[in-house]
Structures are given as structure tokens and as C-alpha cells.
Amino acid sequence: MHENFHLWSTERISQTVLYIIVGIAVVVFALFFLVGYNMPSVEEPSFNAPLLTDALLILMIALLVVAAIIGFLAVIAGLRKRDSSDKNVNGVPAAKISMITFGFTFAMLLLTFVFGSTDSMTINGHQFSDVVSLKLTDMFVQTSIVMIVVAVAAVIFGYTRYIRRNNK
């Protein structure tokens with residue numbers, strides 16, 4: 001059975017890629033929990049040191065790097081294809097929304113990094129005091145929380161638009 005992949009629609013390609021990624025993730029997570037999960041740590045026997053932790057971390061890092069590269073390339077391709085007619089799409093100021101979203105995300109990352117905590121932490125019995133790592137962790141956690149709150153607020157605002165429109 002020989003299929004010509006060049007003739008596949010974009011939807012079919014993305015769906016196939018999604019199924020492959022989900023399949024790999026399910027297999028790696030199943031192996032993580034089923035093979036050597038309850039192994040005690042050599043340094044501290046009261047902690048677990050699952051056998052396949054490295055495999056799980058490698059998968060997550062690889063997915064993150066690939067997603068970041070694809071996202072970066074998509075932004076570049078979108079900017080190259082954009083012309084003045086793309087500023088308003090069906091009456092929606094798409095260019096303005098894109099710039100506001102980019103600016104807000106960049107500002108949040110910058111602010112949460114600058115004001116991030118540098119207090120040392122004790123993790124698994126070891127003192128962790130690397131200032132840059134602490135600030136980066138704080139930045140990503142706080143920015144994620146703010147973005148989730150903003151997304152929920154946007155969904156609520158969008159939903160109440162129908163209620164506001166009916167009350168006029």
C-alpha cells in the first residue's frame with residue numbers, strides 16, 4: 001500500500017502527526033509508570049527514582065524544542081506572507097490583536113523575570129540557589145498563571161457578549 005503523502009490535506013497531515021506524538025507519549029508514560037517506577041533513590045532511599053525518568057525528560061525537551069522551532073518558523077512565515085489587506089480580516093483587526101498579544105506576552109515575561117524571586121529553595125534535601133534558574137522558573141510559572149487568568153477572562157467576556165447583546 002503506497003500512498004502519495006504530497007496529496008494529503010493539511011488537516012490529514014496534522015492529524016497524523018498528532019496521533020504519532022500522542023502514541024509516543026502514551027508509550028513513554030506507560031513505560032515510565034510500569035517499568036521501575038518504585039525504584040528507591042541511591043542518594044536518599046525514601047525518595048523514588050523511576051528508571052525511565054531520563055527518557056521522559058528527553059521526550060518532553062524534544063517536544064518543547066520542536067514546538068518552539070515550528071512556532072518561530074510559523075511566525076516568520078506569517079510575517080513574510082502578510083500584506084496590508086491582512087490588517088482587518090472580516091472586520092476583525094487581526095494585525096492589531098497579534099501585536100497586542102505579542103507585546104503583552106513579552107512584557108509579562110520581562111516583568112515576571114525582573115521581579116521574580118531569588119530566594120533559595122530546598123528540593124529533595126538539597127539547597128537550590130542558582131539565581132538565573134530561580135528567576136526563570138518564577139517567570140514561567142507566574143506568566144503562565146497570568147495568561148491562564150487572561151484567557152479565562154477573555155472567554156467569559158466573549159460569552160457574556162451574547163448576553164449583553166440580547167439585553168440591549
Side-chain angles (χ1 to χ4, degrees), residues 1-3 5-6 8-80 97-158:
M1 185 166 94
H2 179 18
E3 289 191 53
F5 297 110
H6 299 288
W8 282 15
S9 67
T10 304
E11 180 182 5
R12 185 169 179 195
I13 293 169
S14 64
Q15 194 173 44
T16 303
V17 169
L18 174 67
Y19 291 153
I20 290 169
I21 291 172
V22 168
I24 291 170
V26 166
V27 168
V28 170
F29 272 96
L31 289 173
F32 176 77
F33 285 111
L34 298 175
V35 177
Y37 179 73
N38 292 323
M39 289 183 53
S41 172
V42 174
E43 295 174 0
E44 179 63 49
S46 64
F47 294 126
N48 274 357
L51 182 64
L52 297 176
T53 302
D54 290 340
L56 184 64
L57 288 173
I58 289 169
L59 173 66
M60 293 300 115
I61 290 169
L63 289 174
L64 177 68
V65 167
V66 169
I69 290 170
I70 290 172
F72 181 73
L73 293 175
V75 167
I76 290 173
L79 291 174
R80 284 187 175 175
I97 291 172
S98 294
M99 292 306 294
I100 290 171
T101 302
F102 174 78
F104 178 73
T105 303
F106 183 76
M108 283 307 309
L109 288 169
L110 184 66
L111 288 172
T112 55
F113 180 80
V114 168
F115 294 113
S117 175
T118 58
D119 296 338
S120 62
M121 300 174 68
T122 303
I123 301 172
N124 290 338
H126 299 286
Q127 195 68 12
F128 187 75
S129 60
D130 182 27
V131 173
V132 174
S133 294
L134 287 166
K135 280 186 158 291
L136 283 173
T137 303
D138 210 29
M139 174 187 76
F140 286 123
V141 170
Q142 290 186 20
T143 299
S144 298
I145 291 169
V146 170
M147 295 294 233
I148 289 169
V149 168
V150 168
V152 168
V155 168
I156 292 170
F157 180 77

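All values below come from the heavy atoms of this structure, side chains included, with hydrogens, waters and symmetry mates left out.
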**Prompt:** Going through the distances and angles, do R12 and T16 end up as a side chain to side chain contact (heavy atoms under 4.5 Å, CB included)?
**Reply:** CA-CA 6 Å; R12 185 169 179 195; T16 303; 4.3 Å; yes
Side-chain donor/acceptor pairs under 3.5 Å, residues 25-34, sequence neighbours excluded:
none

Quick one: [atom1] on [X] to [atom2] on [Y], what's the gap to the nearest 0.5 Å?
X    : Y    : atom1 : atom2 : value
F115 : K135 : CZ    : NZ    : 9.0 Å
I13  : L18  : CD1   : CG    : 13.5 Å
L110 : T105 : CG    : OG1   : 12.5 Å
Q142 : T137 : CD    : OG1   : 11.0 Å
L109 : T143 : CG    : OG1   : 4.5 Å
F106 : L111 : CZ    : CG    : 10.0 Å

Does atom [atom1] of [X] have more than 12 heavy-atom neighbours from other groups under 6.0 Å away?
X    : atom1 : answer
E11  : CD    : no
M147 : CE    : yes
F128 : CZ    : yes
M60  : CE    : yes

**Request:** Please report the closest heavy-atom contact between S120 and S129, naming both atoms and the distance.
**Result:**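 S120 and S129 have their closest heavy atoms at CB-CB, 3.7 Å.
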**Item:** V75 vs F102, side chain to side chain contact (heavy atoms under 4.5 Å, CB included): CA-CA, chis, key distance, verdict
**Value:** CA-CA 11 Å; V75 167; F102 174 78; over 6 Å; no
Pair up each side-chain donor or acceptor in residues 46-55 with any protein partner under 3.5 Å, not counting sequence neighbours, and list the distances.
| residue | atom | partner | partner atom | Å |
| --- | --- | --- | --- | --- |
| S46 | OG | E44 | OE2 | 2.9 |
| T53 | OG1 | P50 | O | 2.9 |

